[in-house]
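The sequence lines fix the lettering, A, B, ..., with proteins before strands; numbering per chain opens at 1.
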Amino acid sequence: MKTVAYCHPLVPSEWIEAHGLRARWTVPRHSGAGAICGMCPYAQAVVDTLAGAGEETIAVLTTACDQMRHGAGLLAEGLGDRVFLLNVPSTWQSPASRAYYTEELQRLGRWLVGWGGRRPAAGQLAQVMADHDRARNAFRHGQIPDEPPSWCNPVAVRLAAEAKRADRGGVALGIVGGPLMEHDLAIVEWINAAGGRIVLDATCGGYRTLPERFDPSAIERDALAELIRAYFDHVPTIHQRPGSRLHDWLANAIREHRAEGLLCLRYVWCDLWHAEVARLKETAGVTILDMDLGDEDRGGEGRVVARLEAMIESLRKQPR
Amino acid sequence: MKDKAAQLTLDEWDIRYRELCRHGLREPDYGGSLRRHVDEGGDRRLLRLRMDNSEAALRLWNLLLSEEDRLHRARAEGKYLVGTMKDLGTVPVMAYALDDTVAFYPDGAWWTPCLMEHTEGLLALADQLGVDDSFCPVRAMLAAFVNGNHFPIPDTVVCSVGATCDDMSAIAQRLDELGFPVFWWEIPHRRVADADEPSVELPGGSRVPVAQVDFVRGELNRVRRHLETGTGQSLDDARLAAGIRRANQVRRLLGQLRRFAYLGDPSPMPALEMMIAEILSIHFCSDWAETVAVVEDLLAEVRRRLIANEGSRPAGAARVYWINPPADLRLMNLLEEAGGRLCGTDYMIAHALDPIPEDMPPLEALARMALADPMVGSSAERADRIAREAARFDAEAVIVSRISGASHCATEGLAIGRIVERRLGIPVLDLEVPPVLDAMEPTIRTRLEALVETVRSGRRA
């Protein structure tokens, strides 16, 4: 069975699995071949990782960011049509954009069939959706899955587990930004050592980008329509225009999780997150620490830790 | 007064201008000496440029450098100003089909730090607004909106998103947040049609699925409604068709100009003036009629020089195909000083140079044109068109002019370079320059000279 690697929350894992293929949020690693100047380290790591994946892996990338869009082109030079580029609209307020997303999922479905998948039989999509919805809901309520799930970034699940294990109280922080890579898990320990704890994971592929809960009666009526509602109408991402959905979601989540500060982890050359930091400072209602991250060493542990310590120390001194 | 083709410094142009006036030079209302753009407008970069000595070039430069005045005058006259961003050539065709409506690209402010050599402080202000030098120099536009010292604030801002560079999408979003509401419309990534999917040909030769054209046509219809609401006018098909015909008049003239200028040897019009002329195609520098007149003048001058076998540089220069507009205009001079010349270009506006189809409903034609944008497809597709055009114009080398910080530039140079080298077997040089390249000039000059030398050795072999 083919594994379908993806790394964007608007690629519904349910849709892939309903076609009888294995969905996997890819956790990228750099090949060590050297950085391409100006390229987002995450996008490059995704390209490096998928370029080295075996024949059994096919990949779905999206147009949600320009770097990944061009990355897909680079990847296609070697992998050919084993790479599928899903057009994910940036606009979300017009019915036409929603319809376009629907057509794109149908096109994805045809591609999956071309790679050995089968058109979902009656009830199959509904079943996968119900299963994922249950699992996601348990995760939302603090239950850590035993196995890495297919429906989100597995690093986000491990982060939740680590954050739970390491929680010794302290200043409550949220993290927001692009998708986490394996080595980013160190941030839990660093925050903990500095006297803080993570109460909110708003990174891409984590809690923020889980789809809305499905309505069982709507699934029964039209499963694909309900899938699109839960994803396209509700997942707040950085590429959407206007960008208000993300800021609204974040302001609510910060209140709900009582975060006292927010750490914005953004990759160097990621313009989308970078430009939003100034707005986040206006809308989040809490202190923001803007952290630009390079490749594997993410700009040096010492620098990151020192900035985290300074942030947490200053938050501790504020009246709570 | 016709003189042999030459490139002049600004001091030399002062003398030339006085001579032209003595010989009865007739100019449009925005005419005058180029010096005044330095003295009154602060465009200090002119002091470092070499400009073509023709009357046609004088008119071209004056049209370009008087645009802000023209926009302010339009505002004072109560015209409706449309700030259109990123689509580079589509929305202005619609806007200029309306009465008393002027469209311009605030994106054009990306050249202001170059022209004013940073004395205007736009990039420093952009830094303060949270958009630092990891972004493309188009960030100058954000600062220009905020300080209001350059173009007038438009009545509406219309921006295409989707398959666009992240810099523009992110900066436009900041604008929206800073109180300049943006009307967003979507251009999806252009894809190849599946085997059993109906497709259509676009201007420029690509094919896309009909479904993508339908979607973009719907988006442009939203833009149409938005413009109708803003201006209180009806933008019906007849008006749009007339707008397309006007745009095509400019495009056809530019097509002829490019053919003559890029195939003639010696090169009958320098790289810098040709670049500015090509860029007029996207919004006619806020004055369609004058754009037509300016391009006609340039074409006449080029024809005259071709007949006289005349150019400002000797024949036999290395024929270079140029990709992306450079952040510093001076780079085009450096190419020629190093012994190179332009023989073709892709300034990211190839779709604004292709004639728009006139044998179909106008929104359908505009949708096809918008989808023909080289930047909304893959780098491989862009490279394919570049390779075809470079071959047609007998290019001996390709320069990819990287735009610092631009999201597409990290990888497109690699992809284009590989494809062009494989298909044409000619050298490809990747160059990145800041808005003012002076500190890097010796290095850049050396690299350009090395490219030209490589081309010449290839000829001997």
Original post:
For chain A, which residues of residues 207-216 of chain B have at least one non-hydrogen atom nearer than 4.5 Å to it?
Top reply: B:Ala211, B:Gln212, B:Phe215

Subject >> Rounded distance (nearest 0.5 Å) linking atom CG of A:Asp292 with atom OG of B:Ser134 >> reply: 8.5 Å

Original post:
Just wondering, do B:Glu186 and A:Arg241 contact through their side chains at under 4.5 Å, heavy atoms?
Top reply: no

**OP:** Nearest 0.5 Å please: distance from the CD1 atom of B:Ile187 over to the CG atom of A:Asn87.
**Re:** 11.5 Å

Original post:
Side chain, backbone, both or neither: which part of A:Arg279 has an atom under 4.5 Å from a heavy atom of chain B?
Top reply: both

Subject >> Closest non-hydrogen atom pair between B:Val161 and A:Ser90, with its separation >> reply: CG2-CB, 3.9 Å

**OP:** Calculate, to the nearest 0.5 Å, the distance between atoms OG1 and CG belonging to B:Thr411 and A:Asp66 respectively.
**Re:** 8.0 Å

**OP:** Heavy atoms only, distances under 4.5 angstrom: which of A:Thr63, A:Leu74, A:Leu272, A:Val88 has the most pairs with chain B? Name it, please.
**Re:** A:Leu272

Original post:
Using non-hydrogen atoms only, which part of B:Leu142 is less than 4.5 Å away from chain A: side chain, backbone, both, or neither?
Top reply: neither

**OP:** Would you mind checking which part of A:Leu85 comes under 4.5 Å of any heavy atom in chain B, side chain (CB onward), backbone (N, CA, C, O), both or neither?
**Re:** side chain

**OP:** May I ask you to name which of A:Ala99, A:Pro242, A:Ala43, A:Ser97 has the most heavy-atom pairs under 4.5 Å with chain B?
**Re:** A:Pro242

**OP:** Under 4.5 Å heavy-atom distance to chain A, tell me which part of B:Asp176 shows up: side chain, backbone, both or neither.
**Re:** side chain

**OP:** Decide, yes or no, whether a salt bridge links A:Glu77 with B:Arg418 under the criterion of side-chain N to carboxylate O below 4.0 Å.
**Re:** yes

Original post:
Do you know which of A:Gln44, A:Arg107, A:Glu103, A:Glu104 has the most heavy-atom pairs under 4.5 Å to chain B?
Top reply: A:Arg107

Original post:
Any luck finding a side-chain donor-acceptor pair between A:Gln67 and B:Ser407 under 3.5 Å?
Top reply: no

Subject >> chain B contact via A:Ile36 - side chain, backbone, both or neither, heavy atoms under 4.5 Å >> reply: side chain

Subject >> Heavy-atom contact with chain A under 4.5 Å, split by part of B:Thr164 >> reply: backbone

Original post:
Which heavy atom of B:Trp184 sits nearest a heavy atom of A:Thr91, and at what distance?
Top reply: CB-CG2, 3.8 Å

Subject >> When B:Ala415, B:Ala410, B:Ser378 are compared by non-hydrogen pairs under 4.5 Å with chain A, the top option >> reply: B:Ala410

**OP:** Kindly check if the number of other-residue, nucleotide or ligand heavy atoms within 6.0 Å of CZ (B:Arg225) is above 12?
**Re:** no

Original post:
Between the side chains of A:His239 and B:Ser169, does any donor sit under 3.5 Å from an acceptor?
Top reply: no

**OP:** Identify the heavy atoms of A:Ser94 and B:Arg222 that sit nearest to each other, and give their distance.
**Re:** CB-NE, 4.1 Å

**OP:** Please look at B:Met375 and chain A and tell me whether the side chain, the backbone, both or neither of the residue comes under 4.5 angstrom of a heavy atom of that chain.
**Re:** backbone

**OP:** Grab the two heavy atoms, one from B:Gln173 and one from A:Gln240, that are nearest each other, plus how far apart they are.
**Re:** OE1-O, 4.4 Å

Original post:
In terms of heavy-atom pairs under 4.5 Å, which option from B:His408, B:Glu412, B:Arg191, B:Arg402 contacts chain A the most?
Top reply: B:Arg191

Subject >> Residue part contacting chain A, namely of B:Cys165, when any heavy atom lies under 4.5 Å >> reply: both

Original post:
Can you tell which of B:Asp132, B:Leu414, B:Leu129 has the highest number of heavy-atom pairs within less than 4.5 Å of chain A?
Top reply: B:Asp132

**OP:** Under 4.5 Å, counting heavy-atom pairs only, tell me which of A:Gly243, A:Gly73, A:Cys40, A:Ala76 racks up the most with chain B.
**Re:** A:Gly243

Original post:
So which part of B:Glu219 gets closer than 4.5 Å to some heavy atom of chain A, the side chain, the backbone, both or neither?
Top reply: side chain

Original post:
To the nearest 0.5 Å, what is the distance between CH2 (A:Trp269) and CG (B:Asp167)?
Top reply: 9.5 Å

Original post:
Side chain, backbone, both or neither: which part of B:Ala380 has a heavy atom under 4.5 Å from chain A?
Top reply: neither

Original post:
At a heavy-atom separation under 4.5 Å, does B:Arg139 approach chain A through its side chain, its backbone, both, or neither?
Top reply: neither

